[in-house]
Amino acid sequence: MKAPKSWILEHVDVPEGTSTDELTARLTLTGLKLEAVESAGADISGPLVVGRVLTKEPEPQKNGKTINWCTVDVGDANGTGEPQGIVCGAHNFEPGDLVVVVLPGGVLPGGFEISARKTYGHVSAGMICSARELGLGEDHDGIIVLPADAGEPGQDVRGILGLDEEVIELEVNPDRAYALSIRGIAREVAVSVPGATGFRDPALRDTPLADDQGHPVRLEDTTGCPVFVARTVSGFDSAAPTPDFIAQRITAAGMRPISLAVDVTNYVMLETGRPIHGYDADKVQGAIVVRRASEGEQLTTLDGTRRTLTAEDLVVCDDSGPIGLGGVMGGESTEISGSTTRVLVESAHWDAVSMFRTGRRHKITSEAGKRNERGVDPTICEAAADRVVELLTTYGGASAEPGVTVVGEAPAMPTVTMALDLPANVSGLPIDPDTTVGHLEAVGCTVRVDGDTLTATPPPWRPDVTDPYDLVEEVVRLVGYDTIPSVLPAAPGGRGLTRAQQLRRRIGRTLAGAGWVEVVDFPFVGETDLDALGLEADDPRRTVLRLSNPLSSEAPAMTTTLLPALLRTAGRNVGLGASSVAVFETATVTLPRSSEAAPILPVDRRPTDAELDALVKALPDQPLHLGLVAAGEADPAGWWGPGRPVEWSDAVDAVRSVADALGLELDVRPAALAPWHPGRCAELRLGDALVGHAGELHPRVCTTFGLPARSVAAEVDLDVLIQHAVHLRPAPTFSTFPAAKEDVALVVEESVEAAAVEAALREGAGDLLESIRLFDVYRSEQLGEGRKSLAFALRFRAPDRTLTDEDTTAAREAAVALAAERTGAVQRA
Amino acid sequence: MSGPNSEYDPVEVTPLQAEHVAAARDEAIAAIAAAADLEALKQVRIAHTGDRSPLALANREIGALPPQARKEAGQRIGQARGAVNQALAARQEVLEAEHEERMLVEETVDVTLPTDRRRRGGRHPITLQSELIADIFVAMGWEIAEGPVVEAEWLNFDALNLGPDHPARTMQDTFWTEPADRHVVLRTQTSPVQARTMLTRTPPIYVACPGRVFRTDEYDATHSPMFHQVEGLVVDEGITMAHLKGSLDHLASQLFGDGIDTRFRPSYFPFTEPSAEVDVRCFVCRGVDAESCRTCRGEGWIEWGGCGVVNPRVLVACGVDPERYSGFAFGMGIDRSFMFRHNLEDLRPLFEGDVRFSAAFGTEI
């Protein structure tokens with residue numbers, strides 16, 4: 001809300017010398033946060049004075065335009081007292097008029113510097129200004145002609161134009177709609193600025209008594225519209241100009257002056273907070289009826305939009321049907337125009353929830369709607385209407401018609417009861433009962449105290465005050481949030497991080513320690529991303545949860561895989577010239593599993609466990625995934641020798657090292673799954689549980705994402721890993737007897753997996769085997785096509801004795817025999 | 001001097017004569033002294049102490065002497081061999097020392113050569129910032145609670161006193177999932193975690209909830225459709241706004257430095273009443289000469305988050321007895337805290353995955 005300071009101070013007195021800073025600091029501390037203080041003339045500098053036009057000689061020009069060569073009396077403002085010669089392109093003035101003159105040396109908004117310059121054959125020493133040139137509005141049809149009594153030539157014109165006005169912009173929270181008015185802000189000044197007195201309520205005025213002579217109004221829905229006041233003025237001059245103070249103030253408040261009738265309703269809305277609508281009374285046919293619209297009913301609103309209404313919308317109707325969307329926007333058919341002579345003034349109270357829904361449904365945001373949907377004082381309909389009538393008669397030449405229609409009545413405010421010591425108990429401040437009562441009364445409550453209990457009736461402009469804690473806030477904010485002491489609460493002994501939280505940190509550190517860089521990306525995905533991975537049509541990762549209102553149609557769903565974003569990120573880094581990229585992300589993915597709705601449960605009690613269960617079950621599965629992508633060099637080349645390019649095993653090993661950090665050993669099996677190379681993809685399992693996949697990316701995927709060939713990736717379910725993580729590891733014991741080492745080289749078919757050979761050796765070697773390690777894979781012509789030799793180093797040790805050659809040989813032979821049986825391995829000579 | 005001596009009187013064995021022994025000894029010692037390096041010394045050792053050296057050969061002759069002469073000859077030879085061995089050992093030590101010294105000089109490398117044979121990794125600064133914040137709460141005895149990002153509408157709004165027609169719902173631009181009548185949203189705040197905590201546990205509750213949240217904000221230097229928030233919730237007997245202030249002051253001082261505290265301004269949030277905006281004292285200028293401070297832009301305070309006393313309506317919906325318990329809640333942006341803590345003006349580097357950005361923070365912040 002932007003409020004001219006002078007307008008606020010018309011309705012409340014602050015101690016002499018209270019600066020704008022002090023005023024706004026207090027308002028900020030009590031809940032109306034200062035956004036900015038602006039002044040309309042802040043970007044105008046130099047001499048800007050009243051001038052009296054002495055002569056005006058029209059001079060037609062070759063280009064078809066006519067300019068006026070004028071002499072203007074600017075008093076002593078030019079230093080000489082001589083008339084100032086100025087060329088002016090406008091024609092809407094006559095000699096003798098008072099105008100606004102900016103003299104050489106002045107600067108207008110936009111950094112427009114004024115100097116004496118030669119133009120149209122004259123030296124023009126300054127400029128006669130229009131409203132737009134001064135930043136006072138859009139009016140550029142002519143220059144500003146000041147009222148005859150505006151001031152003396154040479155006098156500074158800023159005060160006259162309101163250019164010295166400070167405009168205070170305050171942030172108004174949605175619960176405090178009353179502060180969307182000068183009335184509300186002045187009231188806040190009165191209660192929050194020390195020494196402020198004399199609040200003068202602009203809505204407190206004597207209004208004529210209701211009678212049955214006014215325009216007939218019938219309310220069919222008194223919940224939606226409990227009060228409707230109608231007044232009519234006739235003889236209105238629609239060409240009458242808006243007085244400067246109204247135009248200036250509504251401009252300062254951020255609204256645009258349009259016409260007197262519209263400007264007056266806006267002015268009264270800003271002043272009282274009560275939105276008003278004006279109809280061309282001659283276009284209203286018959287009695288006004290307020291009702292809910294019929295489904296599908298049509299209405300063309302003031303903005304020229306033809307709207308189809310629903311049964312929830314409140315409409316104002318006449319004999320022709322709907323003529324306005326009640327409280328939100330008027331209709332085109334009864335709009336005030338240049339030919340309007342009778343104005344019907346509507347000042348009605350509307351149900352806030354209906355306003356909110358209608359505004360949202362029809363996507364209408366307006367100053368009136370903003371107030372109506374937050375809640376307006378229902379008791380000031382008559383006063384606001386009367387104020388509009390007053391201004392229309394004063395400035396529009398109109399006269400009030402005698403009838404006064406008042407239908408319905410303002411709903412009573414519900415009372416709120418609280419324990420008298422609640423403010424103290426909630427705030428931790430020693431707030432005594434007198435302070436509580438005093439502050440509640442200051443904000444307008446009617447207060448009654450019975451023993452330990454306080455009952456307050458909030459004022460009608462505070463529909464937000466419904467609960468005891470609302471009363472507490474009113475008391476505490478006036479006592480001052482800055483007085484609340486700082487006391488650290490003593491929590492009971494905590495359990496620290498959960499095991500899962502600790503393990504997640506461990507995983508991140510493990511990967512960072514191994515040279516991987518963590519990134520964070522948005523979880524949105526699109527069809528093209530999934531296509532780019534090369535997913536099959538029936539891949540479960542294509543079953544995504546779609547968003548109704550995605551930011552981008554390219555990525556309209558929640559992702560099921562971290563890889564698209566990681567691949568893009570890796571590609572971007574490669575594009576930026578990184579020769580080595582290894583990125584990882586840990587984030588949840590979204591796997592839809594249910595088509596059930598998540599019920600909207602009651603809020604006046606705890607939902608039952610069954611209700612909560614239904615709620616949680618309706619949500620998608622959201623496992624925590626780890627994704628990683630590496631490209632380029634695994635180890636860089638350097639003075640030490642050549643580097644090593646990334647290869648499939650880097651991805652598998654990254655996941656294995658994560659598992660190792662959790663005390664787990666993964667089973668690795670070949671698999672074929674997009675986006676991996678079908679011959680270089682490993683499936684990682686923990687027994688029956690699938691953990692994920694790792695390996696080299698499919699060459700097409702590398703190309704699509706701008707990655708070098710042989711880039712690698714992995715994606716695993718961390719929840720599975722964390723569930724299986726070994727918690728208590730038994731301490732190992734080691735034999736101190738000497739170890740015996742044996743190497744064996746086994747020739748197998750190419751298709752035999754190394755892990756299978758190793759497993760057979762391990763099992764066959766028995767308990768004496770301490771460790772086994774594959775140290776070479778060898779292929780040669782001698783071995784023959786399609787065969788490979790796997791060389792293993794076996795280490796044997798007994799817990800209780802030194803092994804003999806016979807022991808070791810027997811164990812080795814048993815190992816080789818089992819490997820031969822299981823995998824067809826033949827020991828190399 | 002080879003072979004057993006049979007032609008001479010054994011008493012007259014020349015090699016055992018004193019002058020011969022002394023000559024052999026002196027010759028050996030001179031050769032030792034002349035050995036320039038360990039290799040030369042090794043040759044000298046072979047020549048003068050080896051099996052075929054004069055002193056060794058002389059020693060072998062002792063047996064040929066009459067018994068009464070053996071003792072003297074033995075002593076003579078023994079002393080001579082002792083002197084030679086001593087000289088050898090001494091020279092060995094000197095030469096080894098020289099050798100080592102020379103080797104160390106020769107083996108000098110340029111230690112300024114690059115040593116980065118392995119990639120350096122790093123964790124994302126927002127992860128690190130979240131962990132740092134979590135640690136502060138854990139140190140206070142609080143626990144860290146978590147919940148899903150795709151959340152039930154009821155938990156994100158209704159349970160938090162944001163009914164379907166609450167004006168505050170328009171303050172938060174929510175991502176809805178299809179179809180909208182399934183009432184599933186991307187959480188706009190981490191508050192549903194608070195609701196889940198109250199629904200599943202009994203007070204006393206002291207939890208902090210860091211996590212990702214979503215709003216339909218177009219992505220620019222100061223807005224992101226996804227960002228990170230941390231919220232705190234305490235529900236216990238006798239909890240007041242003073243406890244709220246104390247907790248936030250503690251968090252501020254731990255995160256931004258000793259003496260950094262907070263200030264409250266009245267505000268509005270549906271889930272708290274009374275509600276306040278929290279400003280944190282500028283940790284750069286501390287409010288002194290704030291005019292020229294780039295961090296707080298002359299305010300002396302930085303807008304940090306929102307807080308308040310848990311609205312009893314929220315307690316009721318979450319199954320907590322408001323007559324017995326009261327609580328407070330607060331929330332602030334982790335990204336935003338990171339941005340002003342680390343002087344980052346544009347948030348986009350946080351989400352664009354340039355490895356140079358994350359790597360710059362290593363594994364701790």
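Numbers restart at 1 for each chain; the letters A, B, ... are given by sequence-line order, proteins then strands. On a predicted model such as this, the values are computed, not experimentally measured, just so you know.
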Next item on the list: Can you tell which part of A/L566 gets under 4.5 Å to a heavy atom of chain B, answering side chain, backbone, both or neither?
Entry: neither

Next item on the list: Just give me the residue among B/S224, B/S326, B/P312 that pairs up with chain A most often, heavy atom to heavy atom, under 4.5 Å.
Entry: B/P312

Checklist line | B/F338 and B/F361 aromatic centres sub-6.0 Å | finding: yes

Next item on the list: Heavy-atom distances under 4.5 Å only: say whether A/R495 touches chain B with side chain, backbone, both or neither.
Entry: both

Next item on the list: Can you label the angle between the B/F264 ring and the A/Y481 ring as parallel, tilted or perpendicular, going by 30° and 60°?
Entry: perpendicular

Next item on the list: Pick one of side chain, backbone, both or neither for A/R505, based on which atoms fall under 4.5 Å of a heavy atom in chain B.
Entry: both

Next item on the list: Counting only heavy atoms closer than 4.5 Å, note whether A/P468 contacts chain B via side chain, backbone, both or neither.
Entry: neither

Item checked: Side chain / backbone / both / neither for A/E596 at chain B, heavy atoms under 4.5 Å -> backbone

Item checked: Segment of A/D467 engaging chain B (4.5 angstrom heavy-atom cut-off) -> side chain

Next item on the list: With a 4.5 angstrom heavy-atom cut-off, could you sort out which part of A/S427 is near chain B: side chain, backbone, both or neither?
Entry: both

Check: Relative to chain B, which segment of A/L576 carries a heavy atom at a distance below 4.5 Å: side chain, backbone, both, or neither?
Finding: side chain

Checklist line | Nearest heavy-atom neighbours spanning B/Y325 and B/L315 | finding: O-CD1, 3.7 Å

Check: What part of A/D604 is in contact with chain B, defined as an atom under 4.5 angstrom from a non-hydrogen atom: side chain, backbone, both or neither?
Finding: backbone

